[in-house]
Amino acid sequence: MSTAYQPETVEVAAQELWRDSKSFEVGEDTDKEKFYCLTMFPYPSGKLHMGHVRVLTISDTIARFQRMQGKHVMQPMGWDAFGMPAENAAIKNNVPPAQWTYANIKEMRAQMDRLGYAYDWSREIATCDPKYYRWEQWLFTKMFEKGLVYRKNSIVNWDPVDQTVLANEQVIDGRGWRSDALVERREIPQWFMKITAYADELLEELERMPGWPDSVKTMQTNWIGRSEGVELTFDVVGEDEPLTVFTTRPDTLFGVTYMAVAAEHPLAEKAAATNPEIAAFIEECRKTDAAEATLETMEKKGMALGISVVHPLTGEEVPLWVANFVLMSYGTGAVMAVPGHDERDWEFAKKHGLPIKQVIAPEDGSEIDIDAAVYIDKGLTVNSGDYNGLSYQDAFNAIADWFEDNDRGRRTINYRLRDWGVSRQRYWGAPIPIIYCDDCDAVPVPEQDLPVVLPEDVQFTGHGSPLKDMPEFVNVKCPQCGKDARRETDTFDTFVESSWYFARYACPDSSEAMLDERAAYWLPVDQYTGGVEHAILHLLYSRFFQRVMRDEGLTEVTEPFTNLLTQGMVLKDGAKMSKNKGNVVDPQELIAKYGADTVRLFMMFAAPPEQALEWSDDGVQGSFRFLKRFWNAVDEHVDAGPVAALDPAALDAGQKDLRRKTHQSIAKIGDDIGRRYTFNTAVAASMELVNAVTRFGDQSDAGRAVVQEALEAVTLMLSPMVPHICHALWARLGHETALIDERWPAIDESALEADLIEIVVQVNGKLRGRVSVAAGADNDTVAAQALEDPNVQRFVEGKEVRKTIVVPGRLVNIVV
RNA sequence: GCCGGGGUGGCGGAACUGGUAGACGCGCCGGAUUCAAAAUCCGGUUUCCGAAAGGAAGUGAGGGUUCGAUUCCCUCCUCCGGCACCA
């Protein structure tokens with residue numbers, strides 16, 4: 001009985017079966033190979049957008065594919081539930097952030113279910129649940145005990161009108177997004193995690209992570225930014241304390257013609273105390289937001305401090321400047337300037353009329369004009385006193401030795417990576433478990449008092465954190481001495497929650513420990529999929545937390561994610577689809593119109609996963625059309641009656657061709673999904689096979705048997721991407737048991753063999769003909785046959801054949 | 001500014017290890033079906049010359065290596081992402 005493809009009916013039926021039979025709930029099965037398939041969990045903004053649909057569908061496809069390979073697959077889902085949007089919504093709609101967040105979670109979970117994702121919902125996590133965040137509070141106190149956290153002053157964006165700290169995102173062109181006031185940099189005390197203690201380990205392990213894309217590993221390597229150099233001290237005239245700088249180029253030391261410090265440097269502040277012009281300049285430097293991109297792109301400005309610094313080797317005095325491009329957060333907040341051999345120093349010297357001195361010459365002996373162009377390559381030292389004529393390495397060592405021998409400096413390794421500031425002056429986050437006591441200073445909250453629960457019934461005004469106005473939260477007794485004390489009102493950066501959630505999915509209900517023995521079964525994550533925008537911060541913090549948990553004895557695993565797939569953005573009008581930009585395409589409408597399978601198929605077909613996908617409304621229709629054609633192809637085939645068993649030995653040439661196509665497709669699609677992650681080409685190959693079946697038209701018993709095999713194969717192979725329609729068609733093809741428990745189709749090697757293959761013939765690299773040759777023919781035979789082609793003859797005739805290149809199975813190139 | 005990734009028909013993309021550029025799909029054009037429309041089916045579709053056979057050009061720009069380059073190397077342009085308080 002012929003039927004029309006009705007997506008909603010088909011999809012609801014499949015989803016009901018999966019739910020009723022708990023198809024995706026898994027325990028720990030030690031008999032099977034486990035496969036932990038994870039997607040970066042979403043922020044519960046309220047609605048799924050296309051970026052979500054893309055990443056969730058990629059991950060779901062991998063999970064379902066691995067299940068068909070016989071693996072014991074766990075795919076959990078949860079919510080990165082803390083963050084600023086909930087606070088903004090609270091201000092706007094007067095709804096408590098918790099209520100808003102939980103309502104969003106409910107809505108988004110329903111949308112995910114409608115899309116048919118294979119999640120083990122019994123493991124669901126929301127990071128705003130005290131049962132979750134108590135364990136990161138606990139880990140923080142453990143890190144406190146080990147000295148892995150500390151408090152220091154650090155720079156924030158300050159809105160002088162709203163009297164509040166702003167996130168970088170809330171600074172638009174240097175102004176506060178609500179007040180429009182010029183943002184200032186301000187220093188406040190904040191908590192830091194010592195990620196730099198793991199810098200070397202995080203860097204070195206990258207070399208042994210074949211499952212990660214090179215681009216991500218390169219970005220992390222550069223982010224950590226390990227550089228070997230020397231710390232040098234320069235005496236400051238009239239000061240007891242010398243000035244310390246870090247340099248990777250001690251070989252250029254004789255080229256120092258000035259020095260520069262950051263605006264926040266103590267020497268700059270000291271000079272400002274007696275010189276109003278300098279004070280004004282420093283004040284001006286502060287009037288910018290704290291984002292590095294802002295600092296790096298603004299005009300390079302500076303001012304002489306009227307302080308001299310003594311060159312340690314020549315004894316000459318060079319001027320000390322304050323400059324807006326020197327970062328207090330990198331190195332020592334002071335730099336030695338070598339304008340001859342550093343691009344930025346050169347430009348700064350040109351602008352301010354500072355001397356430029358050549359101390360490095362090219363190794364090939366060529367002349368350079370240091371006044372006309374900077375020379376940054378390594379070379380031989382010149383104009384360098386006793387150190388002339390040395391190579392980079394020799395000069396580096398000789399000068400480093402001198403400083404170490406004279407106790408004026410030391411070889412050291414510097415990192416671009418900075419310690420992780422985790423304090424946020426915001427309400428909707430996990431409270432930092434610290435109590436401040438006048439006598440005992442900062443005291444971690446004892447384990448028995450955890451969690452420090454965030455009060456959820458708050459009056460939310462938007463003027464600073466409401467926690468500060470809650471005496472019942474703030475006023476506590478000191479856990480050490482029992483005197484009156486104050487609770488920390490800052491909350492954790494939301495990256496803290498997302499740095500360990502992947503581990504908690506293994507044992508989300510564990511009430512006795514952060515992780516239990518189930519984590520040993522599931523960790524590490526076998527396949528992690530998420531946006532490329534997380535390539536550095538989230539992934540680096542997670543690798544750091546995994547090591548902290550390891551050193552706490554919670555796990556033996558060092559690297560949390562074995563294989564990483566970074567999926568590209570979904571762009572609309574050339575920009576990232578985001579709520580902020582208002583260029584969001586709502587998947588819901590498309591699901592209502594075409595069904596979940598069409599949406600899933602289109603997302604997978606439109607672009608390879610790692611590339612950005614420019615959204616276009618055209619094309620979704622095409623995916624729907626294909627599913628209808630696929631449905632009808634099965635329908636017509638089944639309606640024609642029972643199918644005889646396939647006898648591969650009794651096929652004619654046409655039947656063999658279709659069967660070869662089937663098995664070639666099994667090989668290609670399995671490779672595309674399993675190894676290459678090129679789901680777009682897997683879909684294309686499936687379409688080709690369906691097209692081949694539709695065009696086939698052979699209604700003989702053998703022909704119909706070959707078609708049955710082809711349709712079964714394509715149904716199985718498309719099921720990871722479009723599971724609902726395949727579920728229905730599998731039954732239609734005569735199977736009593738559900739597709740969800742089927743294995744990936746097997747390749748019959750003998751079906752792949754062909755008698756004749758087509759060889760391309762080139763003359764001088766240009767395509768001139770094609771010849772059909774026997775599959776096993778040797779190179780000489782192929783070359784001879786190629787030469788016989790009439791069109792090839794036209795180009796070879798009367799010319800001398802100088803060379804003939806035969807690429808077996810592919811082409812012949814005749815060079816004349 | 002620094003770091004990473006892109007740029008191929010009208011559009012999304014394919015070409016996996018240097019070997020047929022444009023698979024698959026969209027769009028468009030023509031045809032069939034229909035009272036008509038939708039849906040569906042068939043054919044065509046890089047550009048230029050040509051009736052065709054065939055030829056020439058062609059993968060952001062310019063140069064290089066090679067019998068052969070979308071693929072490797074150099075220089076440049078441009079777009080996207082990240083830059084530590086967006087998630």
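Keep in mind that this is a model prediction, so the values were computed, not measured. Throughout, a chain's letter reflects where its sequence line sits, starting with A, and its residues are numbered from 1.
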statement: Rounded to whole Å, the CH2-P distance (A:Trp428 to B:C86) equals 19 Å
- prompt: How about A:Tyr132 and A:Trp500: are their ring centroids closer than 6.0 Å?
  reply: yes
message: Does A:Ala535 reach a base, just sugar-phosphate, or nothing at all? Heavy atoms under 4.0 Å.
response: nothing
- prompt: Would you call A:Glu184-A:Arg286 a salt bridge at under 4.0 Å N-O?
  reply: no
- request: Between B:G81, B:A14, B:C24, spot the one nearest the side chain of A:Met569, thanks.
  value: B:G81
- prompt: For residues A:Tyr150 and A:Asp419, is any side-chain donor paired with an opposing acceptor at under 3.5 Å?
  reply: yes
- prompt: When you match A:Ile188 and A:Val216 each to their closest nucleotide on RNA chain B, which lands nearer the 5' end?
  reply: A:Val216
- prompt: How far does the C1' atom of B:G13 sit from the matching atom of B:A52, given to the nearest Å?
  reply: 32 Å
task: Please check if any side-chain donor atom of A:Arg226 sits under 3.5 Å from a side-chain acceptor atom of A:Asn414, or the reverse.
output: no
message: Checking side-chain polar atoms at under 3.5 Å, does A:Asp672 have a donor or acceptor matched by the opposite partner on A:Thr681?
response: yes
message: Mind checking if A:Leu295 touches a base, just sugar-phosphate, or nothing, with heavy atoms under 4.0 Å?
response: nothing
query: Is the gap between the ring centers of A:Phe626 and A:Phe605 under 6.0 Å?
result: no
message: Is it true that A:Arg794 and A:Asn791 share a donor-acceptor pair across their side chains at a distance under 3.5 Å?
response: yes
field: Rounded distance (Å) that lies between atom P of B:C85 and atom CE of A:Met84
entry: 11 Å
- prompt: When you check the phosphate oxygens OP1 and OP2 of B:A14, does a side-chain N or O of A:Asn680 lie under 4.0 Å from one of them?
  reply: yes
task: Nearest whole angstrom, please: distance from the C1' of B:C85 to the CG of A:Asp419.
output: 16 Å
Test item: A:Phe630 and A:Val634 side chains (from C-beta on) under 4.5 Å apart, heavy atoms: yes
query: Looking just at side-chain N and O atoms, do A:Thr294 and A:Asp289 make a donor-acceptor pair shorter than 3.5 Å?
result: yes
- prompt: Base, sugar-phosphate, or nothing: which does A:Val165 touch, judged by heavy atoms less than 4.0 Å apart?
  reply: base
- request: Write down the distance separating the C1' atoms in B:C86 and B:A37, rounded off to the nearest Å.
  value: 49 Å
message: Counting the atoms with a prime plus P, OP1 and OP2 as sugar-phosphate, which does A:Ser423 contact under 4.0 Å by heavy atoms, base, sugar-phosphate, or nothing?
response: base
Atom C1', compared across B:U70 and B:G22: separation rounded to whole Å: 11 Å
Rounded C1' spacing from B:G62 to B:G7 in Å: 16 Å
query: Should the pair A:Glu187-A:Lys152 be classified as a salt bridge under the 4.0 Å nitrogen-to-oxygen rule?
result: no
- request: Please state how far atom CG in A:Asn324 lies from atom P in B:G1, giving the value in whole angstrom units.
  value: 16 Å
message: Within the 4.0 Å heavy-atom criterion, would you say A:Thr297 contacts the bases, only the backbone, or no part of the nucleic acid?
response: base
query: Rounding to a whole Å, what distance do you find between A:Asp672:CG and B:C24:P?
result: 15 Å
- prompt: What is the nucleic acid contact for A:Phe626, judged by heavy atoms within less than 4.0 Å: base, sugar-phosphate only, or nothing?
  reply: nothing
field: Rounded C1' spacing from B:A21 to B:U8 in Å
entry: 8 Å
message: What contact category does A:Pro42 fall into here, base, sugar-phosphate, or nothing, at under 4.0 angstrom with non-hydrogen atoms?
response: nothing
- prompt: What string of B, S and - do you get for nucleotides 37-51 of chain B 5' to 3' if you count protein non-hydrogen atoms under 4.0 Å?
  reply: --SSS----------
message: Is A:Thr681 close enough to B:A14 that one of its side-chain N or O atoms is under 4.0 Å from OP1 or OP2 there?
response: no
query: How about A:Phe41 and A:Tyr501: are their ring centres within less than 6.0 Å of each other?
result: yes
query: How far does the C1' atom of B:G6 sit from the matching atom of B:G54, given to the nearest Å?
result: 37 Å
message: For the residue pair A:Glu610 / A:Tyr677, report whether a side-chain donor-acceptor contact shorter than 3.5 Å exists.
response: no
query: What about A:Gln190: does its side chain form a donor-acceptor pair under 3.5 Å with the base of B:C85?
result: yes
query: With a non-hydrogen cut-off below 4.0 angstrom, is A:Gly225 in contact with a base, only sugar-phosphate, or nothing?
result: nothing
message: I want to verify the glycosidic state of B:G9; is it syn or anti under the 90° rule?
response: syn
- prompt: Checking all strands, does A:Lys300 fall into the base, sugar-phosphate, or nothing category for heavy-atom contacts under 4.0 angstrom?
  reply: nothing
task: Report which part of the nucleic acid A:Ala291 touches: base, sugar-phosphate, or nothing (heavy-atom distance under 4.0 Å, all strands).
output: sugar-phosphate
field: A:Ser59 side chain to A:Thr39 side chain, donor-acceptor N/O pair below 3.5 angstrom
entry: yes
First of A:Ala607 and A:Phe41 reached from the 5' end of RNA chain B, by closest nucleotide: A:Ala607
message: Does B:U17 have OP1 or OP2 under 4.0 Å away from a side-chain N or O of A:Arg676?
response: no
Collect all protein-nucleotide pairs involving nucleotides 52-60 of chain B in which both atoms are nitrogen or oxygen and the distance is under 3.5 Å.
| from | atom 1 | to | atom 2 | distance (Å) |
| --- | --- | --- | --- | --- |
| B:G55 | OP1 | A:Arg768 | NH1 | 3.2 |
| B:G55 | OP1 | A:Asn791 | ND2 | 3.3 |
| B:A56 | OP1 | A:Arg768 | NH2 | 3.3 |
| B:A56 | OP2 | A:Arg768 | NH1 | 3.1 |
| B:A57 | OP2 | A:Lys766 | NZ | 3.2 |

- prompt: Considering only the C1' atoms, how many Å lie between B:C72 and B:A23, rounded to the nearest integer?
  reply: 25 Å
query: Are OP1 or OP2 of B:C2 and a side-chain N or O of A:Asn222 less than 4.0 angstrom apart?
result: no
query: Does any residue of residues 809-816 of chain A have a heavy atom under 4.0 Å from RNA chain B, and if so, which ones, in number order?
result: A:Arg810, A:Leu811, A:Asn813, A:Val815
query: So does A:Gln425 reach the base of B:C85 with its side chain, donor to acceptor, closer than 3.5 Å?
result: yes
task: Pick the C1' atom in B:C2 and in B:C11, then give their distance to the nearest Å.
output: 34 Å
task: Assign A:Phe605 to base, sugar-phosphate, or nothing according to its heavy-atom contacts below 4.0 angstrom with the strands shown.
output: base
message: Classify the ring geometry of A:Phe495 against A:His534: parallel below 30°, tilted from 30° to 60°, perpendicular beyond 60°.
response: perpendicular
- prompt: For atom CG of A:Leu295, is the number of surrounding heavy atoms from other residues, nucleotides or ligands below 6.0 Å larger than 12?
  reply: yes
field: Atom pair distance, as rounded to whole Å: CD in A:Gln170 and C1' in B:C86
entry: 9 Å
- prompt: Looking for any heavy atom pair under 4.0 Å, which part of the strands does A:Glu688 touch: base, sugar-phosphate only, or nothing?
  reply: sugar-phosphate
message: Between the base of B:C16 and the side chain of A:Arg675, is one N or O donor paired with an acceptor at under 3.5 angstrom?
response: yes
message: Can you measure A:Met40 atom CE to B:C86 atom P for me and round it to whole angstrom units?
response: 17 Å
query: Contact class for A:His534 (heavy atom, under 4.0 Å): base, sugar-phosphate, or nothing?
result: base
- prompt: Among A:Lys661, A:Gln664, A:Lys668, which one satisfies side chain to side chain donor-acceptor pair (under 3.5 Å) with A:Glu688?
  reply: A:Lys661
- prompt: Base, sugar-phosphate, or nothing for A:Trp223, non-hydrogen atoms under 4.0 angstrom?
  reply: base
- request: Nearest whole angstrom, please: distance from the P of B:G18 to the CD1 of A:Ile805.
  value: 17 Å
